[in-house]
Amino acid sequence: MSAPVDVAVAVLIRSDGAVLLARRPESKVYSGYWEFPGGKIEPGEPVLDALRREIREELGVEIEQAYAWITRVFAYPHATVRLHFHRVYAWRGEPRALEHRAIAWQRPDAVELAPLLPANGPVLRGLSLPTEYAITRAEELGEESFFPKLEARLRSGLRFVQVREKNLAREALKKLAQRVLALARPYGAKVLVNSDPAVAQDIGADGVHLTAAQLRSSSARPDLPWCGASCHSSEELRLAEGLSADFAVLGPVHATPSHPDAVPLGWDRFREMAAGAAIPVYALGGIVPGDLGQALSCGAHGLAMVRGAWELQP
């Protein structure tokens, strides 16, 4: 088997969340299929330089702000490619179809174009994930205090919540998770239950979030729409990828009161471990809302927060 062809790929993201797809020209394999724009990385060429060059040639715009995101290997009948996806939030100029048959803006969770290049299904799924993943602390705050905070956060745009209450008995956890779900549903927010697929299934939650221990002992992905996983090492990230988890959280980035014995990774180590991940990776551990820019620059999809989701938000 020949070595994969390295390709730089741009996901241009508009302020309304829509992403740019381009239709392949007649002269190329998979003619007429829709894809994210980009192209082959030349030998010795830095990935970001290749990305800027390809997008200039294909769309006629200059990239101003791009963040490394995920890397996926895909075997087509004609070649195996390693796709280095970058999320692009700022560019100069108006995109034009200079080399493609057409371009179109689409919402990642509601793409209306067909056919799509086969490699793009998991990518669009990952792009539909919000950049904030809030983790509950109802037991610590008290339900009377927590649920008004949750409702306020949902009103202000929170769309992704993990119910994690480690000290609650199963029935109490189920009852609390049902209450979270009832609040979240009218806002279209996703709700995952930590470590208990059965509870998630029973209440109709969107998915489950596996602990690192569960990740190490699991042979198959839980039968739920969404599956996340907690990771603390590169090895565990590979396990999450192998299990076809939709995303991972990686940490702790900083020291946290809840895990005083855990050695924090720091941003440099986080960047090293997240680099090349095939699934979106959230930064976790002592994270606050103001860390988003730093996290994105280190390859994170976004922020997973416990205290930061409830104490430091407007």
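At a threshold of 4.5 Å between non-hydrogen side-chain atoms, the residues Q201 and D223 count as touching. No side-chain heavy atom of F74 sits under 4.5 Å from any side-chain heavy atom of T80. Put simply, the side chain of W267 reaches to within 4.5 Å of the side chain of Q294, judged on heavy atoms. With contacts defined as side-chain heavy-atom distances shorter than 4.5 Å, the pair L183/V180 does not qualify. In this structure, F270 and V281 have side chains that are in contact, with non-hydrogen atoms separated by less than 4.5 Å. Within the 4.5 Å cutoff, no side-chain heavy atoms of V81 are placed close to those of P4. The shortest distance between side-chain heavy atoms of V306 and E311 does not fall below 4.5 Å. Residues L12 and Y89 form no side-chain contact, since every pair of their non-hydrogen atoms from C-beta on lies 4.5 Å or further apart.
The CZ atom of R24 sits 8.5 Å away from the OG atom of S31 when rounded to the nearest 0.5 Å. Between the OG1 atom of T136 and the NZ atom of K149 there is a distance of 13.5 Å, given to the nearest 0.5 Å. In this structure, the separation between CG on L192 and CG on D246 is 8.5 Å, given to the nearest 0.5 Å. Note that the NE2 atom of H84 and the NE2 atom of H86 stand 8.5 Å from one another [nearest 0.5 Å]. The distance from the CZ atom of R87 to the CG atom of L127 is 7.5 Å, given to the nearest 0.5 Å. With values rounded to the nearest 0.5 angstrom, L168 atom CG is found 11.5 Å from N194 atom CG.
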Exercise. Please step through side-chain contact (heavy atoms from CB on, under 4.5 Å) for the pair F36 and V19, ending with a clear verdict.
Key: CA-CA 9 Å; F36 292 100; V19 299; 4.0 Å; yes
Practice problem: Give the C-alpha distance, both sets of side-chain angles, the deciding distance and a yes or no for salt bridge (Lys or Arg N to Asp or Glu O under 4.0 Å) between R185 and D206. | Solution: CA-CA 10 Å; R185 277 290 179 260; D206 297 283; 3.0 Å; yes
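Heavy-atom minimum distance, L129 versus H301: O-NE2, 2.8 Å. Annotation for A304 and Y282: closest pair CB-CB, 4.0 Å, computed over non-hydrogen atoms. Counting all heavy atoms, side chain and backbone alike, G251 lies closest to L265 at CA-CD1, 3.9 Å. V193 approaches A205 most closely through the heavy-atom pair CG2-CB, 4.1 Å. Nearest heavy atoms, P264 versus H254: CB-C, 3.6 Å. Scanning all heavy atoms of the two residues, the minimum distance from P37 to L20 falls at CD-O, 3.7 Å.
A90 is linked by a side-chain contact (heavy atoms from CB on, under 4.5 Å) to E64, Q65, counting only residues two or more places apart in sequence or in another chain. Scanning for side chain to side chain donor-acceptor pair (under 3.5 Å) contacts around H209 gives Y133, S230, with sequence neighbours left out.
One hydrophobic cluster, built from ILVMFWY side chains closer than 4.5 Å, cannot hold both I135 and L303; they sit in different ones.
Listed for the E143 side chain is no donor-acceptor partner under 3.5 Å among the backbone atoms of A138. A distance-only check finds no donor-acceptor pair linking the side chain of E99 to the backbone of L59 [under 3.5 Å]. Counting only distance, with no hydrogens or angles, the side chain of R153 and the backbone of A309 share a donor-acceptor pair below 3.5 Å. A side-chain donor-acceptor contact under 3.5 Å links R159 to the backbone of L154. Remark: the backbone N or O of V288 is paired with a side-chain donor or acceptor of D291 at under 3.5 angstrom. At least one donor-acceptor pair closer than 3.5 Å links the side chain of S217 to the backbone N or O of A213. Of the possible donor and acceptor atoms, one in the side chain of E58 sits under 3.5 Å from a partner among the backbone N and O of G38. Looking at E272, its side chain never comes within 3.5 Å of a backbone N or O of R269 through a donor-acceptor pair. With hydrogens and angles disregarded, a donor-acceptor distance shorter than 3.5 Å links the side chain of R23 to the backbone of G32. Between the side chain of Q214 and the backbone N or O of S195 there is at least one donor-acceptor pair closer than 3.5 Å.
For the pair R271 and D268, the salt-bridge criterion is met [side-chain N within less than 4.0 Å of a carboxylate O]. Electrostatic pairing of K40 and D6 does not count as a salt bridge here, judged by no charged N lying under 4.0 Å from a carboxylate O.
Geometric assessment of R137 against the ring of W310 yields a negative cation-pi assignment under the 6.0 Å and 45° thresholds. For R125 and W226, the positive end sits near the middle of the six-membered ring, less than 6.0 Å away and at most 45° from its axis.
Checked against R238 for a salt bridge (charged side-chain N to carboxylate O under 4.0 Å, His left out), the options E236, E235, E241 give a single hit: E241.
Other residues, nucleotides and ligands contribute only 12 or fewer heavy atoms inside 6.0 Å of the OH atom of Y33.
Aromatic pair F85/Y67: ring centres not closer than 6.0 Å.
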